[in-house]
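Just so you know, these numbers use all the heavy atoms, side chains as well, and skip hydrogens, waters and symmetry mates.
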Amino acid sequence: MSFAVPDSVRPVRDAVHAFMTERVEPAEPALCDGDAATLRELQEEAKKEGLWALGHPRELGGGGLPFLDYVYVNEVQGRSEFGQLALGTFTLQDSLMLHEHASSGQRERYLEPLVRGDIWPSFAMTEPEISSSDPTQIQTEAVLDGGEWVINGHKWFTTGASRAAYTTVMCRTEPEAPPHLAFSMILVPTGTPGYTIVRETPVLGLGGAHCEVRYEDVRVPAANLLGERGHGFVIAQKRLGPGRIFHCMRWLGQAQRAFDLMCHRLHGRTAFGEPLARKQLMRQHVFDSYTEIQSARLLTLHAAQTVDAGSDARVEIGAIKVVGARMLHNVIDRAIQVYGAAGLTPDTPLDRMYRHARAGRIYDGPDEVHIDSVGRRVLGAYTSGGSWEFGLR
């Protein structure tokens, strides 16, 4: 099997690459300052050029790219943290979740505007009082009172809540049920009384609307339940699995950009009478980055292929979440080292990329949880005389 970009995907991938490098990346200073007009202009350009919402199903108004094709596109879209916003794919996980589980009323109110980019979503699972690596401890509760859900709880890192039209809230609705059948998803409009944004929490000095939110007797109609009662974990797992692959592919785009910056710097900077590119220790940075990027890319594409074949790919996805985040951190770190003091300043995108990269080892599950899960599942294959045959998986 070849992991090169298929010929059928190359034209749209090239178009996205050009859009990213020629328009999104040059606009990053304005976008970092929250320039909404610049973002809207980029979004309109993407729509006119047929690059909008490429991963969304065509019946929803998206580009309709098959899963594996979109994975290759995501690789170049990830060059900038603003790629998802400019190209309308920041709603993809929420749109796919609604597409599968939403009622007709929910689809009309939320799904269609999401795909158009008219509204923003947010998703609330993490809570400050409990360990997020064990979501069965979630304390936010929802009680059905007549025809309404009454929600009480405390969430944080609800990304985008301050600009979102609604939040999908994971909450305990079945207190007597087994842990993985005790939770449900409920759609809560952010203007609902009792829904209070406490603060936007900066992450390593970066913004990003990571919000802390309190729910105090928040009442929404019973019809705001997403999917079946008690099936919150099932819905969440379907949302997070492919989403982690998309994360890892975007990380590859970031790593490619950092790698390019590093290699250009090695050719353009001289020290002790010759270019840095002629220094053996600098070539070590190139070698280490090349091998880590290529290894992470092959692992990620293999995971995507496994998902596309119908598997939940729990081992493959857990592995790439850890390997991909570490790879991204290491590649950016080496690029900063090559730039020296300049790499610590906003004169290059590396300082901001570096801080985002560190967060990747925590969100969507910390490294330790994925490592433990992968190890347990692989060892499980050896029970009763079995084994884990790499060539057959």
R355, CZ atom: more than 12 neighbouring heavy atoms under 6.0 Å: yes
Could you go step by step and tell me if Q77 and N74 meet the side chain to side chain donor-acceptor pair (under 3.5 Å) rule? CA-CA 5 Å; Q77 180 186 261; N74 223 358; 2.8 Å; yes
Which of W251, F67, Y72 passes ring-ring contact (aromatic ring centres under 6.0 Å, His included) with F246? Answer is F67
With a 3.5 Å distance limit and no angle check, can you tell me whether K47 reaches the backbone of R116 through a side-chain donor-acceptor pair? yes
Validation row: P193, R219 side chains within 4.5 angstrom (heavy atoms): no
D7 atom CG: more than 12 heavy-atom contacts under 6.0 Å: no
Below 4.0 angstrom, N of the basic side chain to O of the carboxylate: do E292 and R297 qualify? no
Is it true that, when you exclude E49 itself, more than 12 heavy atoms of the residues, nucleotides or ligands shown sit nearer than 6.0 Å to its CD? yes
Given N330 and D288, is the side chain to side chain donor-acceptor pair (under 3.5 Å) satisfied, shown in steps? CA-CA 9 Å; N330 292 344; D288 290 340; over 6 Å; no
Between D33 (side chain only) and D35 (backbone N and O only), is there a donor and an acceptor less than 3.5 Å apart? no
Please determine whether salt bridge (Lys or Arg N to Asp or Glu O under 4.0 Å) holds for the pair E81 and R352, giving the CA-CA distance in whole Å, both sets of side-chain angles, and the decisive distance to 0.1 Å. CA-CA 10 Å; E81 64 183 281; R352 190 175 177 92; 2.5 Å; yes
Between Q106 (side chain only) and L225 (backbone N and O only), is there a donor and an acceptor less than 3.5 Å apart? yes
H154 pairs by side chain to side chain donor-acceptor pair (under 3.5 Å) with which of E212, E127, E216? E212
For H285, is there any backbone N or O sitting under 3.5 Å from a side-chain donor or acceptor partner on S289? yes
Would you say that F123 contacts T159 through its side chain, given a criterion of any heavy-atom pair below 4.5 Å between the two side chains? no
Close side-chain approach of V213 and V198, heavy atoms under 4.5 Å: no
Applying the 4.5 Å side-chain criterion to the ILVMFWY set and letting contacts propagate, would L299 and L301 be lumped into a single cluster? yes
Can you name the side-chain contact (heavy atoms from CB on, under 4.5 Å) partners of V322, sequence neighbours left out? R326, D367, H370, I371
Contact between M125 and P135 at the side-chain level, heavy atoms closer than 4.5 Å - yes or no? yes
Is the distance between the ring centroids of Y354 and H329 under 6.0 Å? yes
Quick check: is L51 connected to L60 through a chain of hydrophobic side chains (ILVMFWY, heavy atoms under 4.5 Å apart)? no
Given T196 and Y215, is the side chain to side chain donor-acceptor pair (under 3.5 Å) satisfied, shown in steps? CA-CA 7 Å; T196 303; Y215 298 78; over 6 Å; no
Same cluster or not: are I317 and Y70 linked, directly or through other Ile, Leu, Val, Met, Phe, Trp or Tyr residues, by side-chain heavy atoms under 4.5 angstrom apart? yes
Heavy atoms from other residues, nucleotides or ligands near CZ of R278 exceed 12 (cutoff 6.0 Å): no
Mark yes or no for whether S122, through its side chain, and Y166, through its backbone, hold a donor-acceptor pair below 3.5 Å. yes
Going by an N to O cut-off under 4.0 Å, is there a salt bridge joining D260 and R79? yes
Is it true that atom CD of Q139 has more than 12 heavy atoms of other residues, nucleotides or ligands lying nearer than 6.0 Å? yes
Between F157 and H210, what is the ring plane arrangement, given parallel below 30°, perpendicular above 60°, and tilted in between? tilted
Which heavy atom of P189 sits nearest a heavy atom of N224, and at what distance? CD-ND2, 3.9 Å
Does the ring center of F90 lie less than 6.0 Å from the ring center of W120? yes
Taking CZ in R269 as the centre, count heavy atoms belonging to other residues, nucleotides or ligands within less than 6.0 Å. Is the count above 12? no
If only atom types and distance count, is the side chain of W156 paired as donor or acceptor with the main-chain N or O of E129 below 3.5 Å? no
Counting distance only, does the side-chain N/O of R283 pair as donor-acceptor with the main-chain N or O of A277 below 3.5 Å? yes
Side-chain donor-acceptor pair under 3.5 Å between E200 and S162, yes or no? yes
Backbone N or O of L261 within a donor-acceptor pair of the Y339 side chain at under 3.5 Å? yes
Within the 4.5 Å heavy-atom criterion, are V286 and L266 side-chain neighbours or not? yes
Path from V5 to M249 over hydrophobic side-chain contacts below 4.5 Å: yes
Contact check, side chains of L54 and L87, non-hydrogen atoms, under 4.5 Å: no
Salt-bridge contact R257-E75 (side-chain N to carboxylate O under 4.0 Å): no
Give a yes or no on whether Y382 atom OH has more than 12 heavy-atom contacts from other residues, nucleotides or ligands under 6.0 Å away. yes
G360 backbone acceptor or donor facing K321 side chain under 3.5 Å: yes
Quick one: does R107's side chain have a donor or acceptor within less than 3.5 Å of a partner on H99's backbone? yes
Flag side-chain contact, heavy atom, 4.5 Å: E45 against K48: no
Kindly indicate whether the side chain of I245, heavy atoms from C-beta on, has any atom under 4.5 Å from the side chain of P242. no
